[in-house]
2 protein chains.
Amino acid sequence: MQSTHLREHNLSLCLRTLSSAPEPLSRAGLAARTGLTKPTVSKLVEELIGAGLVAEDAPLIHGTGRPMVPLRPASGTLLAIGLEVTAVGVSCLATDLTGEVLAAADETLDAVAAPPSRVIEACGRLVSAVRGTASADAPAPLPVVGVCAALPGRIDPADGSVLSAPGLGWSDVPFVARLRERPELAGLTVLAQNDNRLSVLTELDQRPGQSFVYLRGHTGVGGAVVLGGRVLEGEHGWAGEFGHMVVEPGGALCRCGRRGCLEAYVSAHALRERAGLGPESSLEELVDALAHASGTGRTDGRSEVIGTIGRAIGTAVANALNVLDLSTVVLSGHLAPIGEEIGPVISETVAEHALATEAGPITIERSDAPADLALRGAARWALEPVFAAPGQWIARAA
Amino acid sequence: MQSTHLREHNLSLCLRTLSSAPEPLSRAGLAARTGLTKPTVSKLVEELIGAGLVAEDAPLIHGTGRPMVPLRPASGTLLAIGLEVTAVGVSCLATDLTGEVLAAADETLDAVAAPPSRVIEACGRLVSAVRGTASADAPAPLPVVGVCAALPGRIDPADGSVLSAPGLGWSDVPFVARLRERPELAGLTVLAQNDNRLSVLTELDQRPGQSFVYLRGHTGVGGAVVLGGRVLEGEHGWAGEFGHMVVEPGGALCRCGRRGCLEAYVSAHALRERAGLGPESSLEELVDALAHASGTGRTDGRSEVIGTIGRAIGTAVANALNVLDLSTVVLSGHLAPIGEEIGPVISETVAEHALATEAGPITIERSDAPADLALRGAARWALEPVFAAPGQWIARAA
DNA sequence: GTAGATTAGTTGTTGCATCTTACTAAACAG
DNA sequence: CTGTTTAGTAAGATGCAACAACTAATCTAC
């Protein structure tokens, strides 16, 4: 490691520490947290303020001594743009460094019927619109750190092409390459990531530095593994894809063609089928059917369905926890609202099979994050280069 | 990070790079590999040589240009001591920085019948003996970097106490604390780790920086997860304990009391039972029975046994790979010799269930490491502080 | 056999990031 | 108004790695 990397590392450390702190820190507090000295922190913070990445609040008197100058990530000085493509449309959103949403827009579009090129055009339009709206109040257009798209499928981490997205009917679509060609995105950093992996970033804001297993029901079932605040990548970028873990060898047929996958039991489609609902029923109806016996009237059927789902998830989670030796599980997406019902069954199954129960309780938590999880996560991911290497961003922006 | 840490980091980088290089590197080669400049490497290497951590070989002419001075980890300048406790005895071994064994000794002891205190006494005696033998040729006693014990059970990473070791009949034994009290080990760094997790370190020497899943059959079945050359810890230090992954809900009864654990299918005990051998039969007999139809004469039974074992391992491995998104599996311990037989069944099962097959082939490899795997791994782990912070060791030794 | 090319490694200097020490600033307590 | 406490700054010292230029040792070519 070279000495210039040291500075970059410490800049990043300061910025991240400020970002993840529950409340604004003073320079002195930042020095204490990072282990750097006060003069060093002062210099680094000065640079971050100069670049518009950090802002000072009004001095705050707390007890005796000189009042502290609270520091916080600057708001409204730059844009990170998130995109989300689903079967029914494209959404777009611009945030600043704090994650505050400055503008949003969306377009309805049947992504299954329409060719990918139409979707990519829509993305271009939305990015352009959102850039305009977000910069409307500012004297000059805000600089864009990057654009990241959330896609419901497997993405090649090397070039951001979509290897397969069953929900969109896509396979081998060079999404990022095409998006980069759009005139509206000329010169911008463009990324793409799986929607589940991006969702977890939003969750991570609530749990900085923690380790947990994240399970998200959306159309299928996906998730992520978070170790010490970092999302595990894996060799092909799909670590934590729990949907196709085997929960019962030779069991139910999954749409992937295999047998006994978790997804065959708890995808939105499988849940509706098990709950006796039509494929067009809403999530609310589904939750209602599972949560209240009155939903379908079939009390026995309900508890049986809940048992099947709970045991399937429990088995998958227990296996994941045995491999990773973690003790926190976060349920999100359509698994969060039904978490209250299936939680106990999951806990029971996990307690039965997970080794970690011998060391302490395993907590199954429900995410209370907002609905546009993946979209926010995408914007958050677009910001990542700034957090990782603030010095490079400063040099680029200047 | 402070600037003094930078130097420590670079010292460590140089030492590790030299250690993991397949053949000696010159200063210039080391500079190229580490990304540091030649002058910087020269300075760092000078310090490492001065401290007896690196040695120069005779200059070597290779083609045109000035001959290089090959550098390699110094041999015979310090001691790392490994211990291994099994049901039948205690083994001990001293290596230098290169991993070369300088001395070894063992004691037969029925660790199940004898109280832990007897085992700890034996450890003390063996360490003392091994230190003497290893330093016999040297003009002065060699400094000991540390002692690490391999134990067949779950270890508290905080204090090195044995939480449970079914094979020894131990539970809640403050092993490290007691061992540290022995006069023979006064002043030494003492560590303890699970034997499977230490075994993988020996494997890692062959695969520096790689990522793989490591499965080791010993008495039970354990393993480890290696991500980028680092062994995953987990919250309680037992990540990668694959033995109790569920491979068939409600399946065979495991000695842990649960049902359907991998270990219930492929522990040495379970294998013997399935192969129709007595509990006292040797590993050779077992391999023979599985490898050759002539072993027991029951050809049908054999292929059925192999199928059951292979599918059990395959299911567990596929699930682990789905969580981690890796594509290499290494079989070790008693799984290595039978690997040729069960390998195809495992591959087949994994190919059927693992998502990563869609991106490329998954390789199931057999470890060809020596038998005293865990013991060597223990010594290797005792060395770790020197590799991680050579500067501190130099300061301590001086 | 001498000049040139090539690779290895060292020397001295420079630049840069952090640390140390000592200071000023701004509040409160008595 | 003086002492105490906490925040933040200034100036100089320290220490590390980078850079450029050098020496060292070998081979090749004419």
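Protein chains get the first letters and strands the later ones, always in sequence-line order, with residue 1 at the start of each.
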- [ ] Could you tell me the separation between the CZ atom of R33(B) and the C1' atom of dA8(C), rounded to a whole number of Å?
- [x] 17 Å

Open item on the list: Please report the distance, rounded to the nearest Å, between CD in E47(A) and C1' in dT18(C).
Closed with: 14 Å

Task: Non-hydrogen side-chain atoms of E100(A) and T95(A) separated by less than 4.5 Å - done: no

Task: Side-chain touch V147(A)/L185(A), heavy atoms, less than 4.5 angstrom - done: yes

Task: Residue whose nearest DNA chain C nucleotide is more 5′ - P67(A) or T40(A) - done: T40(A)

Open item on the list: Of the options dA8(C), dC19(D), dA7(D), whose atoms approach the side-chain atoms of H62(B) most closely?
Closed with: dA8(C)

Task: Residue S26(B), side-chain atoms from C-beta onward, closest of dA27(C), dC19(C), dA8(C) - done: dA8(C)

- [ ] Report the nucleotide, chosen from dG12(C), dA17(D), dG9(C), that has the shortest atom-to-atom distance to any side-chain atom of S42(B).
- [x] dG9(C)

TODO: With the side chain of R27(A) defined as its heavy atoms from C-beta on, choose the nearest nucleotide among dT9(D), dA24(D), dA17(D).
DONE: dT9(D)

Task: Upstream residue (5' side of DNA chain D) when T4(B) and I61(B) are each assigned their closest nucleotide - done: T4(B)

Open item on the list: Side chain of A28(B) only, heavy atoms from C-beta on: which candidate in dG9(C), dC16(D), dA18(D) is closest?
Closed with: dG9(C)

Open item on the list: Heavy-atom nearest nucleotide on DNA chain D for S3(B) versus G65(A): which residue maps closer to 5'?
Closed with: G65(A)

Open item on the list: Closest approach to the side chain of Q2(A), judged atom by atom: which nucleotide of dA18(D), dG9(C), dT5(D) is it?
Closed with: dA18(D)

Open item on the list: Regarding dA8(C), can its base be found pairing with the side chain of R66(B) as donor and acceptor, where the two atoms are less than 3.5 Å apart?
Closed with: yes

Open item on the list: Counting the atoms with a prime plus P, OP1 and OP2 as sugar-phosphate, which does G29(B) contact under 4.0 Å by heavy atoms, base, sugar-phosphate, or nothing?
Closed with: nothing

Open item on the list: Between P on dG15(D) and CG on L11(B), what's the gap in Å once rounded to a whole number?
Closed with: 15 Å

Task: E56(B) CD to dA8(C) C1', straight-line distance once rounded to whole Å - done: 12 Å

Task: Nucleotide of dG8(D), dA27(C), dA17(D) approaching R7(B) most closely (side-chain heavy atoms) - done: dA17(D)

Open item on the list: With a cut-off of less than 4.0 Å, is there a side-chain N or O of N10(A) near OP1 or OP2 of dT18(C)?
Closed with: yes

Open item on the list: Assess the residue pair T37(B) and T40(B) against the criterion (side chain to side chain donor-acceptor pair (under 3.5 Å)); give the C-alpha distance rounded to whole Å, side-chain angles, the decisive distance to 0.1 Å, and a yes or no.
Closed with: CA-CA 5 Å; T37(B) 58; T40(B) 305; 2.9 Å; yes

Open item on the list: From the set dA17(D), dC27(D), dC19(C), return the single nucleotide nearest to any side-chain atom of L44(B).
Closed with: dA17(D)

Task: Separation of dA10(D) C1' from K43(A) NZ (nearest whole Å) - done: 10 Å

Task: Under-4.0 Å side-chain N/O to phosphate OP1/OP2 contact, T37(B) with dA18(D) - done: yes

Task: Nucleotide dA11(D), atom P - distance to NZ of K38(A) in whole Å - done: 17 Å

TODO: Could you check if a side-chain atom of V54(A) sits within less than 4.5 angstrom of a side-chain atom of P73(A), using non-hydrogen atoms only?
DONE: no

- [ ] Choose from dA17(C), dA7(D), dA18(D) the nucleotide whose nearest atom is closest to any side-chain atom of L6(A).
- [x] dA17(C)

Open item on the list: Nearest whole Å is fine: how far is dA17(C) P from H5(B) NE2?
Closed with: 18 Å

- [ ] Please state how far atom CG in L30(B) lies from atom P in dT10(C), giving the value in whole angstrom units.
- [x] 12 Å

- [ ] Can you figure out which of dA26(C), dC19(C), dT10(C) approaches the side chain of L36(A) most closely?
- [x] dC19(C)

- [ ] Would you mind classifying the nucleic acid contact of V41(B) as base, sugar-phosphate or nothing, using non-hydrogen atoms under 4.0 angstrom?
- [x] nothing

